[in-house]
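Report on one structure; see the data block that follows.
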Amino acid sequence: QVQLVESGGGLVQAGGSHRLSCAASGRTNNRNAMGWFRQAPGKEREFVAAISWSGLNKDYADSVKGRFTISRDNAKNTVYLQMNNLKPEDTAVYYCAARRDSVVARTRSGYDYWGQGTQVTVSS
């Protein structure tokens with residue numbers, strides 16, 4: 001089992017920057033690829049970004065490409081999501097996820113472990 005805890009959510013002004021963190025514990029030596037998803041009120045949970053175990057491969061949703069950056073520090077068992085030029089439509093609960101595989105994935109079903117989520121609200 002892998003436990004995930006997100007942190008860093010909050011209220012941000014449009015155009016601003018913010019960073020989310022996700023700390024993993026438990027069986028984190030299984031070379032897990034990690035991902036970030038988000039869910040806005042009344043909408044489905046959607047893919048945001050993913051990173052392979054090595055950190056060499058990254059994938060982004062078109063809506064955040066060029067504004068968000070995913071990274072990881074395996075020594076700290078932590079994954080980050082740097083969000084720049086935030087827009088009101090980025091407002092959502094952001095979830096961290098891990099999969100029992102080292103390569104990236106975009107689908108929710110591709111992930112085996114989930115955090116509780118952290119709220120990000122972007123004001124206009």
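These figures come from a predicted structure and were not determined experimentally.
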- Query: Run the side-chain contact (heavy atoms from CB on, under 4.5 Å) check on Y80 and D73 step by step: do they pass?
  - Reply: CA-CA 8 Å; Y80 305 96; D73 184 339; 4.2 Å; yes
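- Within the 4.5 Å cutoff, the side chain of V12 has no heavy atoms near those of the M83 side chain.
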- Message: Test side-chain contact (heavy atoms from CB on, under 4.5 Å) on F68 and D90; report intermediate values, then the result.
- Response: CA-CA 11 Å; F68 290 12; D90 294 319; 3.9 Å; yes
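- With a 4.5 Å cut-off on side-chain heavy atoms, R106 and Y60 do not count as touching.
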- Hey, mind stepping through T118 and S7 against side-chain contact (heavy atoms from CB on, under 4.5 Å) and telling me if it holds? CA-CA 6 Å; T118 186; S7 61; over 6 Å; no
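- Judged by the 6.0 Å distance and 45° axis criteria, R99 is not positioned over the aromatic ring of W53.
- In this structure, V2 and S25 have side chains that are not in contact, with every pair of non-hydrogen atoms separated by 4.5 Å or more.
- The distance from the CE atom of M34 to the CG atom of N77 is 9.0 Å, given to the nearest 0.5 Å.
- Looking at heavy atoms from C-beta onward, C96 lies in side-chain contact with W36 at the 4.5 angstrom threshold.
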- Determine, step by step, whether Q82 and H18 satisfy the side-chain contact (heavy atoms from CB on, under 4.5 Å) criterion, reporting the C-alpha distance in whole Å, the side-chain angles of both residues, the deciding distance to 0.1 Å, and the verdict. CA-CA 6 Å; Q82 177 66 42; H18 207 65; over 6 Å; no
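- Within the 4.5 Å cutoff, no side-chain heavy atoms of R38 are placed close to those of K43.
- Side-chain contact between E6 and Y94 is absent, with no heavy atoms from C-beta onward closer than 4.5 Å.
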- Message: Show, in sequence, the C-alpha distance, side-chain angles and deciding distance for N84 and S17, and conclude whether the side-chain hydrogen bond (donor to acceptor under 3.5 Å, both in side chains) test is met.
- Response: CA-CA 4 Å; N84 298 329; S17 297; 2.9 Å; yes
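- Side-chain atoms of V120 and L20, non-hydrogen and from C-beta on, do get closer than 4.5 Å to each other.
- Within 6.0 Å of atom CD in Q13, 12 or fewer heavy atoms from other residues, nucleotides or ligands are found, so the atom counts as exposed in its surroundings.
- Checking side-chain atoms of N85 against main-chain N and O of R67 turns up no donor-acceptor pair under 3.5 Å.
- Under the 4.5 Å side-chain heavy-atom criterion for Ile, Leu, Val, Met, Phe, Trp and Tyr, V79 and L81 are members of the same hydrophobic cluster.
- A heavy-atom distance below 4.5 Å is found between the side chains of I51 and R72.
- V103 and A33 get closest at one heavy-atom pair: O-CB, 3.2 Å.
- By the rule that hydrophobic residues join a cluster once side-chain heavy atoms approach within less than 4.5 Å of another member, V48 and V93 end up as members of separate clusters.
- Heavy atoms only, all atoms of each residue included: S124 and A14 are closest at CA-CB, 4.2 Å.
- With no hydrogens or angles considered, no side-chain donor-acceptor pair links E89 and T91 at under 3.5 Å.
- With hydrogens and angles disregarded, a donor-acceptor distance shorter than 3.5 Å links the side chain of S52 to the backbone of N57.
- Using cut-offs of 30° and 60° on the angle between ring planes, the pair F37 and Y111 is perpendicular.
- For the pair K58 (side chain) and I70 (backbone), a donor-acceptor distance under 3.5 Å is present.
- The backbone N or O of A61 sits nowhere less than 3.5 Å from a side-chain atom of S63 that would complete a donor-acceptor pair.
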